[in-house]
Amino acid sequence: MARQKPLKLYRNIGIIAHIDAGKTTTTERVLYYTGKKHQIIDVHDTKDGKGSTTTDYMEQERKRGITIQSAAVTAEWKGHQINVIDTPGHVDFTIEVNRSLRVLDGAVVVFDGVAGVEPQTETNWRLADQYHVPRVCYINKMDRIGASFAHCIKGIRERLNAPALLCQIPLGSSDEFVGMADLVANVAYIWNSDDKDSKWETVSFEEAKARLKFNSTVDTDWVARLPALREEMLETALAMDDDAFGHLIETGEHDPEMLKKCIRKGCVSGQLVPVFCGSSYKNKGVQQLLDAVVDYMPYPGENGGISIVDEDGNVIGEQEVKDDAPARALAFKVINDQFGTLTFCRIYSGVIKKGDTLMNVTRGKKERVGRIVEVQADHTREIDEVRAGDICAFVSMKDTETGDSLSDPAHPALLERMRFPDPVISVSVEPKSRNDVDKLSTALYKMVKADPSLRMEVDQETGQTVLKGMGELHLEITIDRMRSELGVEANMGKPKVSFREAFGQTVEHIYTHKKQSGGSGQFAEVKMIFEPGEPGSGVVFSDEVVGGRVPREYIPAVEHAIKVESRQGQVAGYEVVDFKARLLDGKYHDVDSSALAFEIAGRACFREAQRLSKPKLLEPIMSLEVVTEATYLGDVIGDINRRRGQITDQGQKGTSAFVQGFVPLSEMFGYINFLRSATSGRGNFSMIFDHYEEVPASMVEKLMEKESK
Ligand SMILES: Nc1nc2c(ncn2[C@@H]2O[C@H](COP(=O)(O)OP(=O)(O)OP(=O)(O)O)[C@@H](O)[C@H]2O)c(=O)[nH]1
Ligand SMILES: [Mg+2]
């Protein structure tokens with residue numbers, strides 16, 4: 001079968017933002033206006049069980065009115081196929097944004113018109129930077145009291161450091177919000193009702209100025225400045241093309257098609273970030289936003305292909321996005337439920353048909369493509385083939401995990417890998433009933449396989465199963481989903497911080513393992529240097545033995561010993577991170593040496609060396625932002641200081657006050673309760689993992705005592 005739609009008519013986009021900015025509400029409008037859906041469900045209605053939005057269909061999402069998993073939907077707009085992924089804004093589910101951005105070609109970043117740039121907007125923005133994803137901004141909720149376009153733009157320019165290009169200007173705000181001026185088309189759109197089917201009127205700037213009378217002088221001023229703002233936009237946009245810019249300067253004129261081309265060029269290359277506005281809830285601006293997606297967001301491959309890497313992650317080539325090439329795909333999400341496994345993939349090149357065999361290059365295993373489905377939130381539709389640029393799911397793949405590369409077995413290639421965040425918090429998990437012990441570990445294994453930001457471990461001392469994740473909500477939801485999706489009930493212990501350990505200084509150490517009991521003995525000696533590494537450098541082992549003083553065959557045993565032993569450090573049994581272990585020298589015995597003897601020597605050498613290195617205990621430090629009324633700010637700041645926090649900024653945000661800073665996670669459990677009572681319920685906070693820092697020596701004992709309770 002030939003390609004149904006040219007690649008140029010595809011858009012794969014993500015909707016990303018801080019929690020509650022209105023991503024799901026906007027996605028719901030996209031489905032309605034593109035004719036995919038005949039009614040709109042609002043997020044806040046879903047709690048009463050009246051139905052659910054298309055993308056927040058999971059039980060836990062409906063109950064809480066938040067998005068937890070990213071969900072994909074497809075819509076048609078002006079002859080284009082738009083694949084949209086609605087992502088969660090809550091920090092605990094960042095992995096969902098991470099993996100979506102990895103495979104998408106563009107993103108619509110949604111802002112709450114009152115709050116402007118919020119912490120998770122910043123985190124998601126940085127992720128999009130990392131993956132070079134072109135963006136447009138959509139200032140939503142312009143109908144809310146306190147909405148300020150100027151405040152949002154300031155945040156986009158200053159906090160996100162983004163080259164914002166104002167393509168629209170709101171007409172009014174809060175209950176006076178009636179539409180927007182389109183600086184590109186040089187006209188204004190005015191709605192006279194909030195109804196989802198109401199049409200807008202298109203008028204000139206002069207008419208808009210004559211007709212609209214606002215109570216707010218700020219809003220009136222925006223309308224007065226429209227011609228000047230348009231000039232500014234023209235100059236910035238046309239500067240993307242020397243000829244077009246020269247023509248504008250000489251004649252004061254421009255070609256409207258050329259203008260759109262320039263904005264598109266700037267947007268796709270990341271030199272410009274076009275800005276739009278509206279109120280999804282009041283049904284204003286979503287159709288215009290869809291036009292912007294078609295006009296300015298890249299089609300698959302327009303922004304370059306996908307990097308091909310070697311086993312160490314070094315880029316060794318690029319695969320263009322086209323059908324006429326070996327099949328190459330990246331698995332970005334795996335869902336396991338009672339019905340089986342769905343492996344979501346983005347196809348970068350080639351054509352993959354039902355019944356084909358692919359190579360999982362990451363794991364060196366072949367996978368058969370049984371069935372292929374197109375996913376619409378919680379529905380699937382069978383299809384026969386997929387092509388470059390498509391996003392689909394393969395049914396019942398066996399070994400493929402998130403981040404794996406699949407390719408034509410005759411032309412294997414590894415695609416650039418995804419990076420996953422480290423979990424910072426852990427809980428012990430126990431089955432509710434004794435009979436469920438086996439069922440629990442199988443279920444946990446499935447949850448961990450589906451979510452790369454979750455880890456499962458068995459505590460070597462207590463035998464307890466420990467689940468690690470991004471935050472309290474993440475772990476709670478995981479346990480709850482295990483109940484609703486896999487039918488396994490479990491109890492969760494108190495959440496604990498994932499501390500870490502590190503070498504305090506470089507240590508050289510020799511350990512001799514010698515045992516003579518009866519028959520054959522054991523003998524191994526290792527001389528090693530342990531050096532603390534940069535944060536994030538991981539555990540590196542280097543074999544520097546010369547002259548066979550430790551025979552080749554025993555070296556892997558020493559390396560293995562270090563990897564295993566470093567999982568439980570000498571300060572308090574936490575994982576030891578970021579160090580280099582250099583095996584310099586050693587001794588062996590022809591008869592008594594063995595891999596086991598060298599492993600024992602390696603482990604003991606590590607333990608003694610870490611103890612001698614003045615080891616450090618590290619704790620996760622969170623970046624915190626609290627938004628509340630100015631009167632409560634003093635109390636909030638005092639409390640942050642008491643929690644060993646450090647204030648980095650404070651000020652005014654719209655009508656509210658805010659404070660930002662760093663606080664150790666171990667001091668932050670149950671913070672929501674404090675904030676509620678300290679601010680009479682008028683405070684909000686968000687907290688994101690920032691970095692690990694050494695626990696002050698005076699605190700180590702106190703913290704460990706608290707932990708063991
Ligand atoms: N006034 C107003 N409220 C809105 C608008 N858009 C969304 N909301 C409301 O804001 C709340 C959050 O909306 P969602 O669409 O769930 O936000 P989200 O960005 O998907 O949130 P998460 O997925 O949980 O991060 C809901 O109560 C919406 O009804 C808007 O344009 N104006
Ligand atoms: Mg949502």
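Remember, it's 1-based here, ligands and their atoms both numbered in the order they're listed. Fair warning: this is a prediction, and the values are worked out from it, not measured in the lab.
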Closest to atom 1 (N) of ligand 1 among V286, D143, N283, D86 (heavy-atom distance): D143
State whether the side chain of E28 and the backbone N or O of T24 hold a donor-acceptor pair below 3.5 Å, judged by distance alone. no
Of F177, Y281, Y138, the one whose closest heavy atom lies nearest atom 30 (C) of ligand 1 is Y281
Report the nearest protein non-hydrogen atom to atom 23 (O) of ligand 1: residue, atom name, distance rounded to 0.1 Å. T67 OG1, 2.6 Å
Is it true that E472 and K494 make a salt bridge, defined as a side-chain N closer than 4.0 Å to a carboxylate O? no
Just to confirm my output: which protein heavy-atom neighbour is closest to atom 12 (C) of ligand 1, and how far is it? D20 OD1, 3.3 Å
Can any side-chain N or O of E96 pair as donor or acceptor with the backbone N or O of S70 at less than 3.5 Å? yes
What is the nearest protein non-hydrogen atom to atom 27 (O) of ligand 1, stated with its residue, atom name and distance? H44 ND1, 3.3 Å
Does any N/O atom on G89 come nearer than 3.5 Å to any N/O atom on ligand 1? yes
N/O of G22 under 3.5 Å from N/O of ligand 1, yes or no? yes
Strictly under 4.0 Å, does any heavy atom of A21 approach an atom of ligand 1? yes
Checking heavy-atom distances from atom 25 (O) of ligand 1 to each of K23, R29, H90, E28, the winner is K23
Under 2.8 Å from the Mg ion (ligand 2) - does any N, O or S atom of T24 fall there? yes
R643 charged N/C atom sitting above F674 aromatic ring, 6.0 Å / 45°: yes
Step by step, work out the salt bridge (Lys or Arg N to Asp or Glu O under 4.0 Å) result for D291 and K78. CA-CA 8 Å; D291 285 344; K78 301 198 170 160; 2.8 Å; yes
Please confirm whether S280 comes within less than 3.5 Å of ligand 1 when only nitrogen or oxygen atoms on both sides are compared. yes
Please say which of D86, T27, I41 ends up in a side chain to side chain contact (heavy atoms under 4.5 Å, CB included) with D56. D86
Give yes if a backbone or side-chain nitrogen or oxygen of K282 is under 3.5 Å from a nitrogen or oxygen of ligand 1, and no if not. no
What residue and heavy atom of the protein are closest to atom 8 (N) of ligand 1, and at what distance? K141 CE, 3.6 Å
Got an N, O or S from T67 under 2.8 Å of the Mg ion (ligand 2)? yes
